[in-house]
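Data first, discussion second: the structure below is written as structure tokens.
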Amino acid sequence: AQTVTQSQPEMSVQEAETVTLSCTYDTSESNYYLFWYKQPPSRQMILVIRQEAYKQQNATENRFSVNFQKAAKSFSLKISDSQLGDTAMYFCAFMIDQGGSEKLVFGKGTKLTVNP
Amino acid sequence: EPEVTQTPSHQVTQMGQEVILRCVPISNHLYFYWYRQILGQKVEFLVSFYNNEISEKSEIFDDQFSVERPDGSNFTLKIRSTKLEDSAMYFCAVQTGQFGYNEQFFGPGTRLTVL
């Protein structure tokens, strides 16, 4: 079974600074996807970024980037130039790539607070 | 990003009552999911649905739960006899199924409160 671990229950950062959220996962599969979802106080789940396991290049989306270390099974999220609107719960998630319907397995989340 | 709506946004019910939660995705979605998030906890998979049948279900998805897509549009989750522990946010998620496009997009959720 796949597991996702987020070891930081809470983090805080000053506005405009950079913060890194950690995520590790455990799987015996070779083809999979990794995701970061953001959940603001509204509790909407918003996709932030995704990474295909077969790609060596780290994904980036504007101020969000990942550090994907496949051998170490690590998938951290870096948020640059943090903004107040980045305050939210961040969930790391894993999905096996079987070309069809596959569930997401989530970590327990990291609560990020951006301070003015 | 695909738009997914869910109704109702908040449902309050008495223990033992039946509830139906609805998800209305835009067309071109092939895969449908329900997830649950008890307050303060992580998001948990309930069930996946493809080609009008269940693809996979978790141990949470017992006989009290059922899903269907009766009109080819709305995707519903029914809880036959609610329990206090069913109180949670319920998220519908959709996936287009296009090759190499495996993102799941979530609806805004239905907050279910069982009294």
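Reminder, nothing fancy here: chain letters follow the sequence lines and each chain counts from 1.
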Notebook entry, point to check: Who among B:Tyr50, B:Phe49, B:Tyr35 has the most heavy-atom pairs with chain A under 4.5 Å?
Noted result: B:Tyr35

Check: Any idea which of A:Arg43, A:Met89, A:Gln6 has the most non-hydrogen atom pairs under 4.5 angstrom with chain B?
Finding: A:Arg43

Notebook entry, point to check: Mind checking whether A:Gln39 and B:Met89 have side chains closer than 4.5 Å, heavy atoms only?
Noted result: no

Notebook entry, point to check: About how many Å separate CZ of B:Phe106 and CG of A:Leu104, when rounded to the nearest 0.5 Å?
Noted result: 5.5 Å

Next item on the list: Answer whether the closest heavy-atom distance between the side chains of B:Gln104 and A:Tyr37 falls below 4.5 Å.
Entry: yes

Checklist line | Neighbour count above 12 (heavy atom, 6.0 Å) for B:Asp63 CG | finding: no

Next item on the list: For A:Phe106 and B:Lys42, work out which heavy atoms get closest and say how close.
Entry: O-CD, 3.5 Å

Next item on the list: Please answer whether the main-chain N or O of A:Lys108 pairs with a side-chain N or O of B:Gln41 as donor and acceptor at a distance below 3.5 Å.
Entry: no

Notebook entry, point to check: More than 12 heavy atoms of other residues, nucleotides or ligands under 6.0 Å from NZ of A:Lys111: is that the case?
Noted result: no

Next item on the list: Take atom CG of B:Leu39 as the centre, draw a 6.0 Å sphere, and report whether it contains more than 12 heavy atoms from other residues, nucleotides or ligands.
Entry: no

Next item on the list: Flag yes if A:Tyr54 and A:Met95 sit in one hydrophobic cluster, no otherwise; membership is Ile, Leu, Val, Met, Phe, Trp, Tyr, and two members link when side-chain heavy atoms are under 4.5 Å apart.
Entry: no

Checklist line | Within 6.0 Å of NZ in A:Lys78, more than 12 heavy atoms from elsewhere | finding: no

Checklist line | Co-membership, hydrophobic cluster, residues B:Val67 and B:Phe65, 4.5 Å side-chain | finding: yes

Note to self: Given heavy-atom pairs under 4.5 angstrom as the criterion, report whether the side chain, backbone, both or neither of B:Gln37 touches chain A.
What the structure shows: both

Note to self: Taking every non-hydrogen pair under 4.5 Å, which of B:Gly107, B:Gly40, B:Gly109 racks up the most with chain A?
What the structure shows: B:Gly107

Notebook entry, point to check: Once you round to the nearest 0.5 Å, how far does NZ of A:Lys103 lie from OH of B:Tyr33?
Noted result: 11.5 Å

Note to self: Using side-chain heavy atoms (C-beta onward) and a distance below 4.5 Å, is A:Leu47 in contact with B:Phe105?
What the structure shows: yes

Margin query: Take a 6.0 Å sphere around CD of A:Gln56 and say whether it holds more than 12 heavy atoms from other residues, nucleotides or ligands.
Written below: no

Checklist line | Cluster overlap B:Ile54 with B:Phe75, hydrophobic side-chain contacts below 4.5 Å | finding: yes

